[in-house]
Amino acid sequence: MAMTARERIGWIGLGIMGAPMARNLLRAGFPVTVYNRTAEKARPLLEEGAEWAPSPAAAAGRADIVCTCVTGPEDLLQVVLGPEGVVEAARPGLLHIDFSTVSPAAAREAAAALERRGAAFVDAPVTGGQPGAQQATLTIMAGGEARHVERARPVFAAVGREVHHMGPVGAGQTMKLVANLIGGVNLLAACEGLVLGLKAGLDLDRMLAVFEHSTARSVSLTLAGERVRTGDFAPGFSVRNRYKDFVLALDEARRLGVAVPGAALATQLYAAAMAHDLAEADQTALFHIVSQLAGGTGR
Ligand code: NAP
């Protein structure tokens, strides 16, 4: 689709996920203009051929499709509705794809503001982590009108592999909150099992080898096991963002009157990790909190 591939991209948010995703769009041949609140982080992409925009509105003004990958609901609403926000450049023909994980309500609020100016919105949260962003193998959960999701597909193909259209605007975010809840509660189980095994004197490498061939196996357990083995807790997905996602899931559960006791407990332990200066560590640093509850494991 050569016509579509020439659509100009505005990219807002060059964090752990956003920077490699914008890079993959450049590599796929899209003209990309970037904006990031902390300007220095844009330098590598500018050296690779991206243009710089001084504000979200400027990035959207020069683009056919503007993409965001920022932190949470307040941040999305700030870059859309705040001073020099995307909405100032919204016009018929502009499509906004939001790859951040935010609340379904924030996605609907951003979409409504853009639609009042004739622009379109698709929520497109992702799963697959930093490696998925780097290798363009993300799974994308999209919400929005089918024609807008179709238009977004060449962009999705440049940053990910699987695309699932879940329903109207907000449905992608709802799916993401559900998937996150499962992954996050799994991670707590992984940390508890690792701590118990270590306290009981089991060898870590042998435990990890068994997990890979047992019904205990999960992505969260593999990630946690590897981090505990190497002692490297540099963020792929930060404790701060994991906590943010649990709070979004609890808000949605409260709105719907659904009991999610495992998620509620995990949220409290992530709050403890934040209070122990682990906010910017990888989510698997939850291991340290569970370990402290057990009096330490020596790791
Ligand atoms: P990150 O490294 O913390 O990056 C966040 C980005 O958003 C940075 O560019 C930051 O700008 C920008 N930002 C935050 N608040 C802003 C505001 N109010 N105004 C303007 N810019 C703002 O986070 P990340 O790991 O890339 O995650 C981004 C999103 O993807 C989050 O919603 C996260 O939940 C989701 N996600 C992450 C992963 C993962 O494994 N990391 C996986 C799936 C989904 P500065 O550079 O100025 O701070």
Side-chain angles (χ1 to χ4, degrees), residues 9-22 25 32-38 41-42 53-61 63 65-91 94-117 119-127 133 138 140-145 148-149 152 155-156 159-160 166-180 237-238 240-252 255:
I9 306 297
W11 190 279
I12 298 166
L14 298 171
I16 289 175
M17 299 296 281
M21 292 169 78
L25 282 165
V32 180
T33 300
V34 296
Y35 164 78
N36 196 55
R37 180 177 58 182
T38 308
K41 287 195 201 166
S55 68
I65 299 181
V66 63
C67 303
T68 39
C69 190
V70 295
T71 306
E74 303 79 17
D75 308 307
L76 172 67
L77 294 178
Q78 163 127 35
V79 299
V80 174
L81 306 174
E84 299 184 276
V86 170
V87 82
E88 290 183 16
R91 61 204 185 274
L94 180 72
L95 171 64
H96 181 163
I97 307 173
D98 178 38
F99 289 104
S100 328
T101 304
V102 302
S103 59
R108 288 191 287 266
E109 187 176 342
L114 290 159
E115 282 161 12
R116 281 196 288 276
R117 307 275 305 246
F121 181 92
V122 168
D123 51 307
V126 299
T127 183
L138 294 168
I140 295 156
M141 296 150 270
E145 281 184 42
H148 302 321
V149 173
V155 172
F156 293 160
V159 300
M166 304 308 299
V169 167
Q173 295 295 351
T174 304
M175 180 66 226
K176 175 66 176 160
L177 297 186
V178 169
N180 270 345
F237 183 49
S238 65
R240 178 170 51 80
N241 278 341
R242 174 55 89 185
Y243 178 72
K244 179 251 313 174
D245 289 349
F246 265 123
V247 171
L248 294 176
L250 292 189
D251 284 349
E252 199 60 11
R255 193 179 71 77

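Just so you know, these numbers use all the heavy atoms, side chains as well, and skip hydrogens, waters and symmetry mates.
- A distance of 7.5 Å separates SG in Cys67 from CG in Leu95, rounded to the nearest 0.5 Å.
- With His96 as reference, Leu76 is the one residue of Ile12, Val79, Leu76 to meet the side-chain contact (heavy atoms from CB on, under 4.5 Å) rule.
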Criterion side-chain contact (heavy atoms from CB on, under 4.5 Å) on Asn180 and Lys176, from CA distance to verdict: CA-CA 6 Å; Asn180 270 345; Lys176 175 66 176 160; 3.3 Å; yes
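- With contacts defined as side-chain heavy-atom distances shorter than 4.5 Å, the pair Val126/Met21 qualifies.
- Around atom CZ of Phe246, more than 12 heavy atoms belonging to other residues, nucleotides or ligands sit under 6.0 Å away.
- Judged by distance alone, the side chain of Asn36 and the main-chain N or O of Leu14 form a donor-acceptor pair under 3.5 Å.
- Of the inter-residue distances, the one linking Ile16 atom CD1 with Asn241 atom CG reads 7.5 Å to the nearest 0.5 angstrom.
- Minimum interatomic distance between Leu94 and Ala89 (heavy atoms only, all atoms of both residues): CD2-O, 4.1 Å.
- Rounding to the nearest 0.5 angstrom, the gap separating the OG atom in Ser103 from the NZ atom in Lys244 is 10.0 Å.
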side-chain contact (heavy atoms from CB on, under 4.5 Å) between Ile140 and Val159, worked out: CA-CA 9 Å; Ile140 295 156; Val159 300; 4.0 Å; yes
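- For the pair Pro56/Val66, no side-chain contact is recorded, criterion being any heavy-atom separation below 4.5 Å from C-beta on.
- Among all heavy-atom pairs drawn from Leu77 and Ala110, the shortest one is CD2-N, 4.1 Å.
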side-chain contact (heavy atoms from CB on, under 4.5 Å) between Leu138 and Met17, worked out: CA-CA 10 Å; Leu138 294 168; Met17 299 296 281; 3.8 Å; yes
Full working for side-chain contact (heavy atoms from CB on, under 4.5 Å) between Glu109 and Leu81: CA-CA 10 Å; Glu109 187 176 342; Leu81 306 174; 3.7 Å; yes
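- Contact detail for Ala142 and Val122: the closest heavy-atom pair is CB-CG1, 4.3 Å.
- Distance check: Met141 CE to Thr174 OG1 gives 11.0 Å after rounding to the nearest 0.5 Å.
- Expressed to the nearest 0.5 Å, how far CZ of Phe121 lies from NE2 of His148 amounts to 11.5 Å.
- Relative orientation of the Trp11 and Phe99 rings is parallel, given thresholds of 30° and 60° on the angle between their planes.
- Residues Ala113 and Val87 share a closest heavy-atom pair of O-CG2, 3.6 Å.
- Nearest heavy-atom pair across Ala57 and Glu88 is CB-CB, 4.2 Å.
- Interatomic distance, Asp245 CG to Gln173 CD, rounded to the nearest 0.5 Å: 9.0 Å.
- Taking each heavy atom of Pro104 and Leu177 in turn, the nearest pair found is CD-CD1, 3.8 Å.
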